[in-house]
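Below is one structure; the comments refer to it alone.
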Amino acid sequence: EVQLVESGGGLVQAGGSLRLSCAVSGIKFDQYSIAWFRQAPGKEREGVSLITISDGSKYTVDSVKDRFTISSDNAKNTVYLQMNSLNPEDTAVYYCAADSLAHLYGESWARYPQFEYWGHGTLVTVSA
């Protein structure tokens, strides 16, 4: 059984920080790229950041790249998203997803429509 389980969401004041975790099981972790997406109320889902485990390459969208950092602990099959300087526009459900081909898209990975596996999401709420 493939599982991606997000944790670490919650309520935080503007300017604060959160670290999200995505625990992955049931797949060969180092054969995948793991990405964070988010969906704010009334908005489309958007890609945030991606890490390809095999080579450690990372892509983060410009809108958050100065504030968010993706990383992995390969011994724990876990990917993290460190989010600093949060603002209310970051309020969203954050999802992690795994795909074996997303790395082929390079910097265009966020436009890749189909990730193979998805978690159920964790809610991040940033108060003004």
Side-chain angles (χ1 to χ4, degrees):
E1 180 185 4
V2 177
Q3 284 197 293
L4 285 76
V5 180
E6 303 96 334
S7 61
L11 176 64
V12 64
Q13 293 182 332
S17 298
L18 286 173
R19 189 180 73 160
L20 306 183
S21 298
C22 175
V24 178
S25 61
I27 59 173
K28 297 291 288 184
F29 190 63
D30 62 0
Q31 299 300 309
Y32 281 79
S33 297
I34 311 296
W36 288 98
F37 294 82
R38 66 184 183 182
Q39 188 164 23
K43 296 180 66 177
E44 294 285 323
R45 185 180 65 204
E46 63 175 342
V48 177
S49 192
L50 178 143
I51 183 168
T52 299
I53 303 302
S54 61
D55 63 9
S57 61
K58 302 172 183 178
Y59 300 96
T60 303
V61 297
D62 288 346
S63 60
V64 302
K65 68 179 181 180
D66 293 335
R67 300 183 294 119
F68 292 8
T69 303
I70 193 167
S71 63
S72 66
D73 184 336
N74 296 351
K76 296 181 178 179
N77 286 11
T78 299
V79 170
Y80 304 98
L81 186 68
Q82 179 67 46
M83 306 187 295
N84 298 326
S85 301
L86 287 162
N87 60 65
E89 289 69 47
D90 297 315
T91 294
V93 177
Y94 284 72
Y95 300 89
C96 65
D99 193 77
S100 59
L101 298 177
H103 68 280
L104 299 175
Y105 288 76
E107 293 183 354
S108 299
W109 68 271
R111 292 188 168 89
Y112 182 58
Q114 300 275 43
F115 273 62
E116 296 170 30
Y117 305 108
W118 291 83
H120 292 130
T122 186
L123 177 63
V124 172
T125 303
V126 185
S127 62

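Quick note: residue numbers are just sequence positions, from 1.
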- Which heavy-atom pair separates A110 from G47 by the least distance, and what is that distance? CB-CA, 4.2 Å
- Message: For a side chain to side chain contact (heavy atoms under 4.5 Å, CB included) check, start with the C-alpha distance between E116 and I27, then their side-chain angles and the critical distance, and finish with the verdict.
- Response: CA-CA 11 Å; E116 296 170 30; I27 59 173; over 6 Å; no
- Query: At what distance, to the nearest 0.5 angstrom, does NE2 of H103 lie from CD1 of I51?
  - Reply: 14.0 Å
- Task: Determine whether L101 and W109 fall in the same hydrophobic cluster, where Ile, Leu, Val, Met, Phe, Trp and Tyr are linked whenever their side-chain heavy atoms lie under 4.5 Å apart.
- Result: yes
- Please answer: with hydrophobic residues joined when any side-chain heavy atoms are less than 4.5 Å apart, are Y32 and L50 in the same cluster? no
- Residue pair S72 / I53, side-chain heavy-atom distance below 4.5 Å: yes
- Item | In one Ile/Leu/Val/Met/Phe/Trp/Tyr side-chain cluster, 4.5 Å: L4, W118 | no
- Query: Counting distance only, does the side-chain N/O of E6 pair as donor-acceptor with the main-chain N or O of T122 below 3.5 Å?
  - Reply: no
- Query: Regarding D30 and S54, is there a side-chain donor-to-acceptor distance under 3.5 Å anywhere?
  - Reply: no
- Query: L18, V79: one ILVMFWY side-chain cluster at the under-4.5 Å cut-off?
  - Reply: yes
- Could you state the interatomic distance from CZ (R67) to OG1 (T60), rounded to the nearest 0.5 Å? 11.5 Å
- Heavy-atom closest contact (P88 atom, A14 atom, distance): CD-CB, 4.3 Å
- Item | A23: side chain to side chain contact (heavy atoms under 4.5 Å, CB included) partners, not counting sequence neighbours | T78
- Query: So, Q82 versus S71: side-chain donor-acceptor pair below 3.5 Å or not?
  - Reply: no
- Are side-chain heavy atoms of I34 and F29 found at a separation under 4.5 Å? yes
- Message: How long is the straight-line distance from OG of S33 back to CG of D55, given to the nearest 0.5 Å?
- Response: 8.0 Å
- Message: Nearest 0.5 angstrom please: T91 OG1 to L123 CG, how far?
- Response: 8.0 Å
- Query: Do Y95 and L81 share a hydrophobic cluster (ILVMFWY, side-chain heavy atoms under 4.5 Å, transitive)?
  - Reply: no
- Report the distance from atom SG of C96 to atom OH of Y80, rounding to the nearest 0.5 Å. 12.0 Å
- Among pairs that include at least one residue of residues 37-46, which meet salt bridge (charged side-chain N to carboxylate O under 4.0 Å, His left out), considering only residues two or more places apart or in two chains? R38-E46, R38-D90
- Note on the structure: To the nearest 0.5 Å, atom OH of Y117 lies from atom OG of S25 at 11.5 Å
- Message: Checking the side chain of S49 only, and the main-chain atoms of Y59 only, is there a donor and an acceptor separated by less than 3.5 Å?
- Response: yes
- Item | Residue among F115, Y112, Y94 satisfying ring pair (Phe, Tyr, Trp, His ring centres under 6.0 Å) with F37 | F115
- Note on the structure: For S17 and S85 the tightest heavy-atom approach is OG-N, 4.2 Å
